[in-house]
Amino acid sequence: MYTTLLEVLKDAISHLMRANYNLSEEDPEAFRIEIPPERKFGHFSTNVAMVYAKVLKKAPRLIAQTLVGGLEALPYIASVSIEGAGFINFFLKPSYFQERTLKILQGEYASSLSLMPAESIQFEFVSANPTGPLTIGHGRQAVLGDILSSVFQKAGVAVTREYYFNDAGKQMKLLSRSLWVRYNRLCGSEYEIPEGGYHGEYLVDIAERFHNESGAVYKDQWDDSIEAIFMERAKNEIFQMIKGTLEAIQIHFDVYYTEASLFRDGIVEEVLEQLKGREALYEKDQALWFKTSDFEEDQDKVLIRSDGMATYFLTDIAYHYEKYRRGFSKVYDIWGADHHGHITRMNAAMKALGIPEGFFNVILHQMVSLRQNEEIVKMSKRAANFVTLDELVRNVGKDAVRYFFAMVDKDSQLEFNIDLALSRSMDNPVYYVQYALARIHSLFENARNKGFTYTENQNLDRLDSEDETFMIRDLLLFPEVIRDICTTQQIHRLTNYLYGLAYAFHNYYTGHVFVDPDRPELSNARLNLASAFRKTIEEGLKLLGVTAPERM
RNA sequence: GUGCCCGUAGCUCAAUUGGAUAGAGUAUUAGACUCCGGAUCUAAAGGUUGUGGGUUCAAAUCCCACCGGGCACGCCA
């Protein structure tokens, strides 16, 4: 396991506390190593004295006082002070930061960091049915799922990205009929798009192509086989559209899983058998019900409708049963907040099947709303008043789209200003971060032009000013951010972090000359610092799926 | 009515998940190297963190009650 800097510091302080006080194993170690709000407080601080004040029945500042000597004796500590209510603030020696910079330069962050157990985990996301183009709501989910997957991989987890879709079912029947209506209109026959059907323009396009190819042979004709033909046609064309959009935003799935295969492979049947064996089923009103209420605080749900068709709930249970059989130690489903009601009953089903707690996990994200002409527009695929993800990506580019979706906390609703997004190049800090890389690249170009020979890993001892040690401290937090995201699923921490690195760099850049031929050693040291920034920012952008450009 | 999420500067969002003077961008104003990319930097102004209680050394953060917004409560997915 990779040990982060904060863990090293925490262990050291924990050790000191045990040496100085008679602490039992049960004593909580809820104290933290923190990043102080201001430089004058040090590189790091800890609240350990305040946290233990109650247990030890001593004043925080007194406890802090007993730790100072031990801390100062640590080889990498430069100075220690006590401030405020009992904060212990400390500076690390420049030599320590220099050693760590060397590791970054040698590619420490480029490989897997082994921050989490090396399990096999699945992320399921997007999973939109092929009934229409992806919306910008799907965009948020796609970006969230893809970045989480990448971050977990970086942390040493074996990740499978999976897309599940429904290619049978009631909605597909409605889709088929909707296409058929559009097609008949081209043949000169008027029919109504069915209740709950699809009104989007994209079906008109598909109908046109189909009509051009096959003429009017299906005019006024409708039976099961024709329904299947139109369903297949709509599904295939729409799914190609969806895959094209995913490609444009650079999201690649390892597995596309279809609902139909759950029936074909007998998994639905097997699940029904199992549930029946556990007496979790009953019949009522010609339908088959699952006793949700036996397992969770929720109402019982229908698994097989009175018309004999399986509900989405049943196939979803079968699907997750199948995931379990595939041997993942854990799966994460990423759902929009509108699906949260589904969680409890799924948990109930997992219990009924004897699948261990903790296997099935849901990551919810809040909705995306659109603002256009000062108005909030509600999105609905069926009503066809949505802005497509494809449109957005074409207009502003995948980097801006990915960064923009990643930077907002998944638990916050996201208000999306269409006019702003589509007109200018969206007000997006991604350029700020990318610009730092472009600047670093041109620094090295400039050095070459001046005939300066850059030597990587040399002269790091010249990185000893306060500006530089604080910058390196920030670089050392990269693994911390990765792990935090694994535990909180808050990918916006990564954009915050990278923005902070870019800020630190831009700031330093303005106040310091990097390439000064009269001071070759100092220049070389600073170029090494720039290189360490580049490597760290590049790794971060890679996780975000955002381009790390040399020029802009 | 019940459950989940949210409410922070004019606007869009942060806040190291209980820490020190609540910060960025944007919009407004005033500035910056004859020099490595001005897509940058520095500063001013902008706040009773929806309201009222509570918990404690410490609350935007946790608890309770209200107010406001979103979502869900189907034999839809």
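So you know, we letter chains A, B, ... as the sequences are listed, proteins then strands, and number each from 1. Just so it is clear, the structure is predicted and the values come from calculations on it, not from any experiment.
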Q) What interatomic distance, in whole Å, is found between C1' of B:A27 and the corresponding atom of B:C62? A) 36 Å

Q: Measure from CG on A:Leu501 to C1' on B:U16 and round the result to the nearest Å.
A: 14 Å

Q: Could you please name the option among B:A20, B:A72, B:C36 that lies closest to any side-chain atom of A:Asp338?
A: B:A72

Q. Is a donor-acceptor contact shorter than 3.5 angstrom present between the side chain of A:Ser306 and the base of B:C75?
A. yes

Q: Report the distance from atom CG of A:Leu529 to atom CZ of A:Arg534, rounding to the nearest 0.5 Å.
A: 12.0 Å

**Q.** Heavy-atom closest pair, residues A:Met172 and A:Asp167
**A.** CG-C, 3.8 Å

Q | C1' spacing across the pair B:G23 / B:C63, given as an integer number of angstrom | A | 27 Å

Q.
Suppose you measure atom C1' in B:A9 against the same atom in B:C5; what distance do you get, rounded to whole Å?
A. 23 Å

Q. Just how far is it from atom CZ of A:Arg462 to atom CG of A:Asn528, taken to the nearest 0.5 Å?
A. 12.5 Å

Q | Contact summary for A:Ala400 and A:Asn428, nearest pair of heavy atoms | A | O-ND2, 2.7 Å

**Q.** Which residue lies more 5' along RNA chain B, comparing A:Phe41 with A:Asn496 via nearest heavy atoms
**A.** A:Asn496

Q: Consider only side-chain N and O atoms of A:His339 and A:Asp333, and report whether a donor and an acceptor are under 3.5 Å apart.
A: no

Q) With ring centroids as reference points, do A:Tyr508 and A:Phe514 lie under 6.0 angstrom apart? A) yes

Q) Roughly how far apart, to the nearest Å, are B:A30 and B:U49 at atom P? A) 31 Å

Q. Measuring from A:Thr3:OG1 to A:Leu9:CG, what's the distance to the nearest 0.5 Å?
A. 11.5 Å

(Q) Quick check: on RNA chain B, is the nucleotide nearest A:Met407 upstream (toward 5') of the one nearest A:Tyr312, or the reverse? Name the residue that is more 5'. (A) A:Met407

Q. With respect to the phosphate group of B:A77, does any side-chain polar atom (N or O) of A:Arg305 fall under 4.0 Å of OP1 or OP2?
A. yes

Write down the protein N/O and nucleotide N/O pairs, taken from nucleotides 40-42 of chain B, whose separation is under 3.5 Å; answer none if there are no such pairs.
residue, atom, partner, partner atom, Å
B:U40, O2', A:Arg439, NH1, 2.9
B:C41, OP1, A:Tyr432, OH, 2.3
B:C41, O4', A:Thr510, OG1, 3.3
B:C41, O3', A:Asn507, OD1, 3.3
B:U42, OP1, A:Tyr503, OH, 2.9
B:U42, OP1, A:Asn507, OD1, 3.3
B:U42, OP1, A:Asn507, ND2, 3.0

(Q) Would A:Arg439 and A:Tyr509 count as a cation-pi pair here, with the cationic atom under 6.0 angstrom from the ring centre and within 45° of the axis? (A) yes

Q) Is a donor-acceptor pair below 3.5 Å formed from side chain A:His339 to base B:A77, judging by atom type as modelled? A) yes

Q: For B:C73 and B:C66, measure between their P atoms and round to the nearest Å.
A: 24 Å

Q) Can you find an N or O donor on one side and an acceptor on the other, under 3.5 Å apart, linking the side chain of A:Thr131 with the base of B:A77? A) no

Q.
Between A:Glu296 and A:Arg345 (salt bridge meaning N to carboxylate O under 4.0 Å), is one present in this structure?
A. no

Q) For the ring pair A:Phe90 and A:His43, is the centre-to-centre distance below 6.0 Å? A) no

Find every protein N or O atom lying less than 3.5 Å from an N or O atom of nucleotides 57-64 of chain B, and list the pairs.
none

Q | Separation of B:G23 C1' from A:Glu38 CD (nearest whole Å) | A | 12 Å

(Q) Determine whether the aromatic ring of A:Phe87 stacks with the base of B:G19, defined as ring centroids separated by less than 5.5 Å and ring planes inclined by less than 30°. (A) no

(Q) For a quick test of reading the model, state the closest non-hydrogen atom pair linking A:Tyr109 to A:Leu475 and the distance between them. (A) OH-O, 2.9 Å

Q: For RNA chain B, just give me the dot-bracket, please: Watson-Crick or G-U, both distances below 3.5 Å, ( ) intra-strand, [ ] crossing earlier pairs, | paired with another strand, . unpaired.
A: (((((((..((((.....[...)))).(((((.......))))).....(((((..]....))))))))))))....

Q: Compute the ring centroids of A:Tyr21 and A:Tyr52, then answer whether they are less than 6.0 Å apart.
A: no

(Q) Just checking A:Phe239 against A:Tyr163, ring centres under 6.0 Å apart? (A) yes

**Q.** Span that lies between the C1' atom of B:U16 and that of B:A60, in whole angstrom
**A.** 15 Å

(Q) What's the gap between B:A72 and B:G19 when it is taken at their P atoms, as a whole Å value? (A) 34 Å

Q: Determine the Euclidean distance between corresponding P atoms of B:U61 and B:A15; express it in Å to zero decimal places.
A: 14 Å

